[in-house]
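This chain uses plain numbering: 1 for the first residue, then up along the sequence. Ligands are counted one by one from 1 in listed order, and the atoms in each one are counted from 1 as well. Since this is a predicted model, take the numbers as computed values, not measurements.
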Amino acid sequence: MVEYITRKIIQGLRQSLNDSADAVIIITGAITPFDFDEIQQCLDESVRVLKNGGLLFVQGYPTYLPELGVYLDQRLTFKYWIAIKSLEQRNTGGLPSVHAAVILFTKGNGNFQINRVRFPHDYCSHCRKTLRDWGGKTHLMDPEGFAASDVWTSLPLEDNYAQLSEPALSAIVKMVVGNKIIVGPSEGVKTSQTSIGEPTYQYYLPHFGPKTNYPKESQILEDGLWNVVHHGDAMEILKRYPDNSVDLVFADPPYNLSKGYSVYNDTQSRDEYLAWCNSWLEEYIRILKPTGSLYLLNLPHWTMYHAAYLNKRLYFKNWIVWDALSEPRGKIMPAHYGLLFYTKHPTNFIFNQEKLGMVHKAPVRG
Ligand SMILES: C[S@@+](CC[C@H](N)C(=O)[O-])C[C@H]1O[C@@H](n2cnc3c(N)ncnc32)[C@H](O)[C@@H]1O
């Protein structure tokens, strides 16, 4: 049974007993005015009412959702950042966004059950063969469609930022094993007949203003630092670069997946790994020119933490979703790498969008 609660979402959740719900779906984009403390209380209540192994889905916009994800990661077990391809959103320069997100956490030790969800097959526009059809050697096609990954690109394009569209909500509900599902606020559900809720805009959290007092661009260029590929410890090398001297920084760090690197321990505690990442991020920020851009690639779990850290230091431009089409694993296949894009200045930065001709643009619906 799906139980809808209205805008008074905290009071609504308080009606439910501890450990009683199989799933809670919170549509934060429809909680207006956006109040971080109120949303935290709402998440606390959701954690209380969930059963052990229950699922918490939190919908929202990538601008602020990482902070909520980091908050929940101290209380529940992170599972997926589901990227839903949605209507194009223009933002303050740079790359428009086409992705609204639903993060999925589970209560307890991380064990959870979900039903496998399938979406109708896509067909390649060049060869007309089906896409995303994993069937082992025989490459059989499941007539019910392909299994969901954590990048949803084939749903009708909707505004999933201020609301959650019916097709997206129904796919989420189908995943839930069990029959007590709480959804709120109900104003956030976009049905085919009605469109409730306000137009989408970006939320900026209080007290998280980026620093503006960076020193002026340095003119000192040390020999051996430019037009060179370094092989060595990034921290030592980055320290040699002057402040405000680099146009673009990009990082593809180890993902803390226990890989066998020769000189690097890829099995660290969460806090150790994040402290290390933050130390080189701080260097990256320092050396970036005032007009410079930062790009950072990682798994969504870590990308949430990076975004929460960078939101206090730089200007968010985009959480770009790389759909990596990985091999079948679990009931939602992890295919998503998050590529963060931040700038040092809110508007005065270099972004050559016209040179991105090969990137497909999502159609804009009026
Ligand atoms: C996810 S891989 C990046 C792979 C790279 N993008 C490529 O396509 O080859 C992470 C890399 O970071 C390197 N690495 C680990 N610790 C490092 C450190 N302290 N300084 C520099 N590189 C480091 C690892 O050796 C590994 O090659």
Min N/O separation [X] to ligand 1 under 3.5 Å:
| X | value |
| --- | --- |
| D252 | yes |
| Y264 | no |
| A234 | yes |

More than 12 foreign heavy atoms under 6.0 Å from CZ of F78: is that the case here?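 Count over threshold, so yes.
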Whether over 12 other heavy atoms sit under 6.0 Å from E38 CD: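 Buried by this count: over 12 neighbours within 6.0 Å.
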Looking at F112 and L104, what are the two nearest heavy atoms and their distance?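 The answer is CE1-CD2, 4.5 Å.
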For the student: nearest non-hydrogen atoms of N179 and D22, plus distance: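 The pair with the smallest heavy-atom distance is N-OD2, 3.1 Å.
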For ligand 1, is there an atom lying under 4.0 Å from some heavy atom of F250?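 Checking ligand 1 against F250, which is what was asked, there is no heavy-atom contact under 4.0 Å.
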Give the atom numbers and elements of ligand 1 that come within less than 4.0 Å of a heavy atom of [X].
| X | answer |
| --- | --- |
| D233 | 18 (C), 19 (N), 20 (N) |
| W276 | 19 (N) |
| G232 | 20 (N), 21 (C) |

Go through E158 and E166 one step at a time and tell me if the side-chain contact (heavy atoms from CB on, under 4.5 Å) criterion holds. CA-CA 9 Å; E158 301 272 1; E166 243 177 359; over 6 Å; no
Do the side chains of K79 and D150 get close enough for a salt bridge, i.e. N-O under 4.0 angstrom?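 Looking at K79 and D150, the cut-off is not met.
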Less than 4.0 Å between atom 23 (C) of ligand 1 and some protein heavy atom, yes or no?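 Neighbour list for atom 23 (C) of ligand 1 is empty of protein heavy atoms (cut-off 4.0 Å).
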Nearest non-hydrogen protein atom, atom 25 (O) of ligand 1: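 Residue, atom and distance for the closest contact: Y261 CD2, 3.8 Å.
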Parallel, tilted or perpendicular: which describes the rings of H230 and Y241, with under 30° parallel and over 60° perpendicular?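 Judged by the thresholds at 30° and 60°, the geometry between H230 and Y241 is perpendicular.
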